[in-house]
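Here the structure is laid out as structure tokens; the discussion comes afterwards.
In what follows, chains carry the letters A, B, and so on, assigned in the order in which the sequence lines appear, proteins first and then strands, with residues in each chain numbered from 1.
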Amino acid sequence: DAKTTQPPSMDCAEGRAANLPCNHSTISGNEYVYWYRQIHSQGPQYIIHGLKNNETNEMASLIITEDRKSSTLILPHATLRDTAVYYCIVRVRRMEYGNKLVFGAGTILRVKS
Amino acid sequence: GAGVSQSPSNKVTEKGKDVELRCDPISGHTALYWYRQSLGQGLEFLIYFQGNSAPDKSGLPSDRFSAERTGGSVSTLTIQRTQQEDSAVYLCASSSGLAGGAGEQFFGPGTRLTVL
């Protein structure tokens, strides 16, 4: 699985958009970009994933560059409850049964009032 | 159930004792994973089950660690002769495995293991 690089921490004002970058310059054609987050003392939570097109769901948007070497997770209106560690993970998506997740250090997002 | 459940939520044990940690995955999920997170460390994969078999045990740190899954549902992670370095939060996750699914994993709340 391709390695990812994320900033160790970021701050965001409550109500503003939080833009979390991720570099994955060695990504291969069949690897997807997944985002998970871990709120303190909880298990990780799936947020969103994508291959090459931008994706949006009720939680966030995922913007993937045309060359697929980087992506940005966007939380459009961050709240205090979005304070968490955000993990960008690149891996092959298996149509059956999934695959283990390899977590890096992630980005600590602090949303401040 | 509505989500992945794990028990106990907290376990304190003495060095050298054996412990069993339980995971109940989301009903119908065929894939089950165990991870652990040591204090201040990232999440570390331990073992993956597909049904009752474990095709990937590559993350188990030593032969003191074992896991089983019965009936394609409940899984138990056993740590024998616990050591202080085994202290961590042990997380279980399950995945549906449905064709066309996102393959996302749903995590339980974890079991915090403290070895004195």
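- With a 4.5 Å cut-off on non-hydrogen atoms, B:Leu91 touches chain A through its side chain but not through its backbone.
- Only the side chain of B:Gln37 comes within contact range of chain A, with heavy atoms under 4.5 Å apart.
- Aromatic ring centres of B:Phe107 and B:Tyr35: separated by under 6.0 Å.
- Neither the backbone nor the side chain of B:Ser94 comes within contact range of chain A; no heavy atom of the residue lies under 4.5 Å from a heavy atom of that chain.
- In this structure, A:Arg37 is not positioned above the aromatic face of A:Tyr87 in the sense of NZ or CZ being under 6.0 Å from the six-membered ring centre and within 45° of the axis.
- Between the B:Thr76 side chain and the B:Glu20 main chain, no donor and acceptor come within less than 3.5 Å of each other.
- The environment of B:Arg64 atom CZ is dense: over 12 non-hydrogen atoms of other residues, nucleotides or ligands sit within 6.0 angstrom.
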